[in-house]
Q: 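Here it is, the structure, as structure tokens.
Computed from a predicted model, the values in this text were never measured in an experiment. Below, all heavy atoms of this structure are taken into account, side chains as well, without hydrogens, waters or symmetry copies.
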Amino acid sequence: MRAVDVLYSMPSVIFVIVLITSLNAILAKWHAGPMRLSDDAAGGLKLPHSSAVLGAVSWLPMARIVRGQVLSLRHRAFIDASRVLGASHPRILLRHILRTSAA
């Protein structure tokens, strides 16, 4: 969650510009490397990686919402009952918390 806080504190426009320019540099290096792409193929890769960068910024508020929901579920009675019955942490996470938070 600390990484989300750091990314959330940065202005999203600057974060998007930095990611797009770094991905363009990687794409240009890959284009000039052993796997040569045609100019049409290299241009066609710019839209998907721009969409990926916008997706990298837009998941930050959702991560905060999901974390709050999981923290509230952690203190519910059915989680305590599973813990008392001897369920392991991964089992509680998979069988109870993830199923309840997805609903």
Side-chain angles (χ1 to χ4, degrees):
M1 204 57 201
R2 296 291 178 217
V4 171
D5 290 338
V6 167
L7 293 175
Y8 207 58
S9 68
M10 293 173 49
S12 61
V13 173
I14 294 173
F15 184 57
V16 167
I17 290 171
V18 168
L19 281 177
I20 286 178
T21 54
S22 62
L23 284 176
N24 280 338
I26 291 170
L27 186 63
K29 192 182 296 185
W30 189 45
H31 179 59
M35 295 187 70
R36 297 202 179 258
L37 296 173
S38 67
D39 290 333
D40 292 336
L45 288 176
K46 287 185 180 179
L47 181 64
H49 93 269
S50 297
S51 300
V53 167
L54 290 174
V57 173
S58 65
W59 71 273
L60 296 173
M62 185 58 67
R64 215 174 258 275
I65 292 169
V66 169
R67 181 177 185 269
Q69 185 176 7
V70 167
L71 288 177
S72 70
L73 284 174
R74 198 172 74 176
H75 299 292
R76 303 256 318 254
F78 66 93
I79 301 295
D80 291 336
S82 295
R83 196 172 293 131
V84 167
L85 290 173
S88 65
H89 290 292
R91 181 172 175 86
I92 291 172
L93 180 66
L94 292 174
R95 301 274 299 175
H96 300 293
I97 292 180
L98 285 179
R99 282 189 179 175
T100 307
S101 64

Q: Rounded to the nearest 0.5 Å, what separation is found between the CG atom of Leu60 and the CG atom of Asp5?
A: 9.5 Å
Q: For the atom pair CD1 (Ile97) and CD1 (Ile79), what is the distance rounded to the nearest 0.5 Å?
A: 4.5 Å
Q: Atom CG of Leu19 and atom CD1 of Ile14: how far apart are they, to the nearest 0.5 Å?
A: 12.0 Å
Q: Tell me whether His89 at atom NE2 has more than 12 heavy atoms from other residues, nucleotides or ligands lying less than 6.0 Å away.
A: no
Q: Other residues, nucleotides and ligands only: do more than 12 of their heavy atoms fall within 6.0 Å of CZ on Arg64?
A: yes
Q: Are there more than 12 heavy atoms of other residues, nucleotides or ligands under 6.0 Å from atom CZ of Arg83?
A: yes
Q: How long is the gap from CZ on Arg74 to CD1 on Ile92, to the nearest 0.5 Å?
A: 11.0 Å
Q: Measuring from Ser82:OG to Leu93:CG, what's the distance to the nearest 0.5 Å?
A: 12.0 Å
Q: Taking atom CE of Met62 as the centre, report whether more than 12 heavy atoms of other residues, nucleotides or ligands fall under 6.0 Å from it.
A: no
Q: What pair of heavy atoms forms the shortest contact from Leu98 to Leu94, and how long is it?
A: CD1-CD2, 3.7 Å
